[in-house]
Amino acid sequence: MATEVLKKEKKVDKAKKPQMQNFDGKAAKKRKNDDTVNSVRRARHGWIITLFFSILSLAWIAPIIIVLLNSFKRKAYIFRNPFGISKFTLSEGFDKWKSGIHTTFNGLQNYTNAINKTEFFKAFGLSLFITVCSVALILLCTSMCAWYITRVKTKITKAIYILCLFSMIVPFQMVMFTLSKFANMLHLGNPVGIIIVYLGFGAGLAVFMFTGFVKGISIEIEEAAMIDGCSPLQTFFLVVMPIMKPTIVTVAILEAMWVWNDYLLPSLVLNINKYKTIPIAIQYLKQSHGQIDWGAMMAALVLAIIPIVIFYAIAQKYIIDGVLSGAVKG
């Protein structure tokens, strides 16, 4: 009896197997069809998404284009026709429209005025000195600090890390008047003194990013270097620092853009009658009686933008790697 039952169960299983195989085949075929449909939909709507974001990007590019265009115009036409290139329209005739271009633009006269009125090259040299030295000091001090915080687990290192994070939260406006007072007391109102001030304000973000990256570095690499006879400083500069290159470049770009374009901190700390960075020099184009040479100001803005854009274009390939490494690892 039991033998007959087992035979019947085997027959039932054999009958079910083709059905299950048929069902699995249908499910796989359905999944394949769904994937094909999704691929077609993505291909169909891909150009729509691309077009949308291309148009959206114009909202960020447009101000730069307008500044660049108006930096070559005569003062009278900057407000009269800020988006056009001729005082006449094409409907009035091509020859008239072409002659209007020569009337609207004045060549490099605005750039000449900007360089002369702002003492641009002097301001450029001062901004370059402050930016390069500030960024170099921030990178050196904060990378070493982040490495120490990550590898040495004590209450003091935890407190230092929390203070660095806290400095990112506190708005600059809360401390700017106190900072100005202390800067005067400590005689930091000069190009060298403001570098130290920038170190204090730029340390928070840099330590945060470097700490996240160092947590992802295998400690065995550092132990192997120490076994080979490296001191802690040699281990950091010869082993750890080269590995940190993506984050170093990312932090350098972010800090350089901040320091180069900063107006508020230099205006509070520096003696602006003696030391003028580029943002302060451009502000001086606004005269005391309210008149502004907009052509020269537009030209000065273009000249101020060019160095940082070149630096960003050269180093931008490291930004994504550096941000992800500093924010995700650990």
Side-chain angles (χ1 to χ4, degrees), residues 63-64 67 71 111 113-142 164 166-207 250-288 290-294 296-312 315:
I64 300 175
V67 169
S71 67
Y111 287 87
N113 293 338
I115 291 172
N116 293 332
K117 290 182 178 180
T118 61
E119 297 181 333
F120 183 82
F121 292 112
K122 182 179 178 181
F124 178 86
L126 182 61
S127 289
L128 184 64
F129 171 77
I130 293 174
T131 301
V132 171
C133 294
S134 298
V135 172
L137 188 63
I138 289 171
L139 292 176
L140 177 63
C141 295
T142 57
C164 289
F166 183 73
S167 68
M168 297 170 58
I169 300 171
V170 177
F172 175 74
Q173 290 78 5
M174 287 183 62
V175 298
M176 62 182 186
F177 293 112
T178 307
L179 170 68
S180 178
K181 180 67 175 177
F182 271 93
N184 290 332
M185 290 172 59
L186 298 174
H187 303 289
L188 298 177
N190 54 73
V192 176
I194 198 173
I195 293 171
I196 299 172
V197 179
Y198 273 124
L199 172 62
F201 278 100
L205 176 63
V207 168
T250 302
V251 174
I253 292 172
L254 297 175
E255 300 290 356
M257 292 175 67
W258 164 52
V259 176
W260 181 268
N261 296 315
D262 189 27
Y263 170 80
L264 189 56
L265 187 58
S267 65
L268 290 171
V269 175
L270 292 178
N271 179 3
I272 59 176
N273 293 322
K274 187 176 181 181
Y275 305 109
K276 293 184 181 71
T277 59
I278 288 180
I280 295 175
I282 293 174
Q283 179 64 20
Y284 265 67
L285 288 172
K286 183 178 180 181
Q287 300 172 9
S288 59
Q291 291 186 356
I292 304 173
D293 187 349
W294 286 106
M297 181 169 282
M298 296 288 182
L301 289 173
V302 173
L303 292 173
I305 291 170
I306 289 173
I308 203 68
V309 168
I310 293 173
F311 175 62
Y312 181 86

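What you are looking at is a predicted structure, and each value in this text was computed from that prediction instead of being measured.
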Checklist entry - So Ile195 and Phe129, side-chain contact (heavy atoms from CB on, under 4.5 Å) or not? Walk me through it. => result CA-CA 9 Å; Ile195 293 171; Phe129 171 77; 4.0 Å; yes
For the side chain of [X] and the backbone of [Y], is there at least one donor-acceptor N/O pair under 3.5 Å apart?
X: Ser127; Y: Ile278; answer: yes
X: Trp260; Y: Ala304; answer: yes
X: Ser167; Y: Cys164; answer: yes

Which atom names give the shortest non-hydrogen contact between [X] and [Y], and what distance separates them?
X: Ile272; Y: Ser267; result: CG2-CA, 3.9 Å
X: Val269; Y: Ala183; result: CG1-CB, 4.0 Å
X: Ala281; Y: Thr118; result: O-CG2, 3.6 Å
X: Ala114; Y: Ala296; result: CB-O, 3.3 Å

Checklist entry - Between Leu268 and Phe172, does a side-chain contact (heavy atoms from CB on, under 4.5 Å) hold up when you go through it step by step? => result CA-CA 12 Å; Leu268 290 171; Phe172 175 74; 3.9 Å; yes
Item to check | Ser71 versus Tyr111, side-chain donor and acceptor atoms under 3.5 Å | outcome: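 Judged by distance alone, the side chains do pair up.
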Checklist entry - Is atom CZ of Phe182 surrounded by more than 12 heavy atoms (other residues, nucleotides or ligands) closer than 6.0 Å? => result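 Not buried by this count: 12 neighbours or fewer within 6.0 Å.
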Distance, nearest 0.5 Å, that separates [atom1] of [X] from [atom2] of [Y]:
X: Lys276; Y: Asn271; atom1: NZ; atom2: CG; value: 9.0 Å
X: Leu126; Y: Leu270; atom1: CG; atom2: CG; value: 7.0 Å
X: Ile282; Y: Tyr263; atom1: CD1; atom2: OH; value: 11.0 Å

Checklist entry - So among Thr131, Leu265, Val135, Leu137, which one has a side chain to side chain contact (heavy atoms under 4.5 Å, CB included) with Tyr198? => result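 One option only clears the test, and that one is Leu265.
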Item to check | Of Leu254, Thr142, Val251, the residue whose pairing with Leu205 passes side chain to side chain contact (heavy atoms under 4.5 Å, CB included) | outcome: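 Among the candidates, only Leu254 passes.
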Checklist entry - Side-chain contact, heavy-atom cut-off 4.5 Å: Met257 with Ile253? => result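 Side chain of Met257 against side chain of Ile253, heavy atoms only: contact under 4.5 Å found.
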Checklist entry - How far apart are the C-alpha atoms of Phe201 and Leu179, what are their side-chain angles, what is the distance that settles it, and do they pass the side-chain contact (heavy atoms from CB on, under 4.5 Å) test? => result CA-CA 11 Å; Phe201 278 100; Leu179 170 68; 3.3 Å; yes
Checklist entry - What's the verdict on side-chain contact (heavy atoms from CB on, under 4.5 Å) for Ile115 and Leu303, showing C-alpha distance, side-chain angles and the deciding distance? => result CA-CA 9 Å; Ile115 291 172; Leu303 292 173; 4.0 Å; yes
